[in-house]
Amino acid sequence: MTPEEQNKPLSVYRLLPSMREFQLLCFDNSLVDVMRWQLGGSRGPHPTVFSAAWGGDTRWRKSDFPSGNPSSPALSRRLADRLGDDLRAGGRLLPVHIDAADTRPRGRDARGDEYFLYLVERAVDCLDQEKSSPPDQLGRIRTSVFRPDAVPTELPAFRPTQFPTAVCWNGWMVERLAEFLGDQLETRLVWSQDPKRTAHPDPWGF
């Protein structure tokens with residue numbers, strides 16, 4: 001995080017792959033183990049085995065940010081090589097096994113088919129519960145208000161202790177990701193310190 005980024009108003013986002021013509025990864029039940037680990041306070045050994053298959057028209061390009069699951073972002077080797085050092089400050093990049101039926105075009109570098117699940121390790125008590133909405137039946141918090149002094153701004157991403165299956169991204173990291181990903185990325189503002197900015201009405205919805 002640069003000094004210039006530190007001087008900007010704090011903002012927190014949910015990130016999703018865009019709905020444009022990109023192939024996305026469809027995970028099996030391995031993500032259930034991630035959510036159990038998150039809901040259990042992130043104690044004990046974390047999951048290490050993840051399996052997925054590509055979905056979407058095979059003529060479309062494979063997304064570098066191919067999962068919209070709020071608990072388990074995924075990213076390409078290309079993105080990991082570019083921003084991996086920043087990302088590792090908040091968690092681990094764990095390899096994803098992709099169905100062997102998903103063959104790559106001839107001549108494509110095998111490293112281009114490597115993908116990682118980003119396991120965000122830090123759960124932080126930074127929500128203002130009096131100003132935030134209560135969790136719904138699925139544990140989602142529709143309106144989140146964060147305590148600025150408690151937001152872990154040094155991390156690229158974190159999880160609120162009151163909603164531990166939700167990966168929240170700090171604004172400075174979102175800017176870096178958006179610069180790299182362009183139209184592959186959808187950003188939903190969860191909260192901002194800037195009162196002129198309006199949060200997404202349902203950031204954790206589908």
Side-chain angles (χ1 to χ4, degrees), residues 11-19 22-55 63-76 79-80 83-84 86-98 115-127 129 132-144 146 151-152 155-171 173-174 177 181 184-191 199-200 202-206:
S11 56
V12 174
Y13 292 83
R14 178 193 177 182
L15 299 183
L16 301 95
S18 78
M19 297 304 292
F22 293 99
Q23 292 186 64
L24 304 179
L25 283 176
C26 303
F27 282 84
D28 63 7
N29 288 335
S30 55
L31 295 191
V32 174
D33 292 333
V34 175
M35 290 185 283
R36 285 173 177 161
W37 178 78
Q38 292 169 334
L39 290 168
S42 305
R43 299 184 182 90
H46 59 75
T48 58
V49 179
F50 310 99
S51 299
W54 287 108
S63 174
D64 286 293
F65 193 87
S67 174
N69 189 299
S71 71
S72 309
L75 49 113
S76 67
L79 183 52
L83 295 172
D86 289 324
L87 292 166
R88 289 185 185 92
R92 300 172 186 263
L93 297 175
L94 302 171
V96 176
H97 172 75
I98 300 177
Y115 280 76
F116 301 91
L117 183 139
Y118 183 38
L119 187 74
V120 175
E121 295 179 290
R122 284 280 299 278
V124 183
D125 182 6
C126 55
L127 271 182
Q129 295 187 66
S132 301
S133 61
D136 64 15
Q137 293 180 337
L138 297 177
R140 298 175 302 188
I141 298 176
R142 185 164 184 164
T143 301
S144 298
F146 290 86
V151 174
L155 300 178
F158 62 93
R159 297 178 291 111
T161 54
Q162 296 83 359
F163 189 6
T165 58
V167 171
C168 294
W169 297 82
N170 274 314
M173 189 66 204
V174 173
L177 288 165
L181 293 168
Q184 297 188 56
L185 189 68
E186 177 188 342
T187 63
R188 293 186 182 179
L189 182 65
V190 176
W191 168 84
H200 189 284
D202 189 15
W204 304 105
F206 297 101

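For the single chain, residues carry numbers from 1 onward in sequence order.
Looking only at distances, no side-chain donor or acceptor of Arg159 sits under 3.5 Å from a matching main-chain atom of Ser71. Here the side chain of Arg14 pairs a donor or acceptor atom with the backbone of Gly205 at under 3.5 angstrom.
At least one side-chain heavy atom of Tyr115 sits less than 4.5 Å from a side-chain heavy atom of Ile98. Using a 4.5 Å cut-off on side-chain heavy atoms (C-beta onward), Met173 and Leu83 make contact. Between Val167 and Tyr118 there is no side-chain heavy-atom pair separated by less than 4.5 Å. When side chains are defined from C-beta on, Cys126 counts as touching Phe158, because their heavy atoms get closer than 4.5 Å. Between Phe146 and Val190 the shortest side-chain heavy-atom distance falls below 4.5 Å. A 4.5 Å side-chain heavy-atom check between Leu155 and Val120 finds every atom pair outside the cut-off. The side-chain heavy atoms of Pro73 and Phe65, taken from C-beta on, include a pair separated by under 4.5 Å. Using a 4.5 Å heavy-atom cutoff, the side chains of Pro70 and Phe163 are not in contact.
Between Leu24 and Pro17, the shortest heavy-atom distance links the atoms CD2-CB, 3.6 Å. Considering every non-hydrogen atom in both Asp125 and Thr161, the closest pair reads CA-OG1, 3.4 Å. When all heavy atoms are compared, the tightest approach of Ser63 to Trp54 is O-CH2, 4.2 Å. The heavy-atom pair separating Pro47 from Leu94 by the smallest distance is O-CD1, 3.5 Å. Smallest separation of non-hydrogen atoms from Asp86 and Pro156: O-CG, 3.2 Å. When all heavy atoms are compared, the tightest approach of Thr165 to Gln38 is CA-OE1, 3.4 Å.
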Practice problem: Kindly determine whether Thr187 and Trp169 satisfy side-chain contact (heavy atoms from CB on, under 4.5 Å), including the steps that lead there. | Solution: CA-CA 10 Å; Thr187 63; Trp169 297 82; over 6 Å; no

Practice problem: For Leu16 and Arg188, run side-chain contact (heavy atoms from CB on, under 4.5 Å): C-alpha distance rounded to whole Å, both residues' side-chain angles, the deciding distance at 0.1 Å, then the answer. | Solution: CA-CA 8 Å; Leu16 301 95; Arg188 293 186 182 179; 3.6 Å; yes

Exercise. May I have the step-by-step check of side-chain contact (heavy atoms from CB on, under 4.5 Å) for Val49 and His97, ending in yes or no?
Key: CA-CA 8 Å; Val49 179; His97 172 75; over 6 Å; no

Quiz item: Hey, mind stepping through Ser42 and Trp37 against side-chain contact (heavy atoms from CB on, under 4.5 Å) and telling me if it holds?
Solution: CA-CA 5 Å; Ser42 305; Trp37 178 78; 3.7 Å; yes

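In this structure, CG on Leu25 lies 11.0 Å from OG on Ser51, to the nearest 0.5 angstrom. In this structure, CG in Leu75 is found 11.5 Å from CD in Gln184, a value given to the nearest 0.5 Å. Between Asn69 atom CG and Cys26 atom SG the span is 11.5 Å, to the nearest 0.5 Å. The line from CG of Leu79 to CG of Leu185 is 9.5 Å long, rounded to the nearest 0.5 Å. Atom CG of Leu127 is separated from atom SG of Cys168 by 7.5 Å, given to the nearest 0.5 angstrom. Put simply, OG on Ser18 and CD on Glu186 are 8.0 Å apart, with the number rounded to the nearest 0.5 Å.
Within a 6.0 Å radius of CG in Asn29, no more than 12 heavy atoms belonging to other residues, nucleotides or ligands are found.
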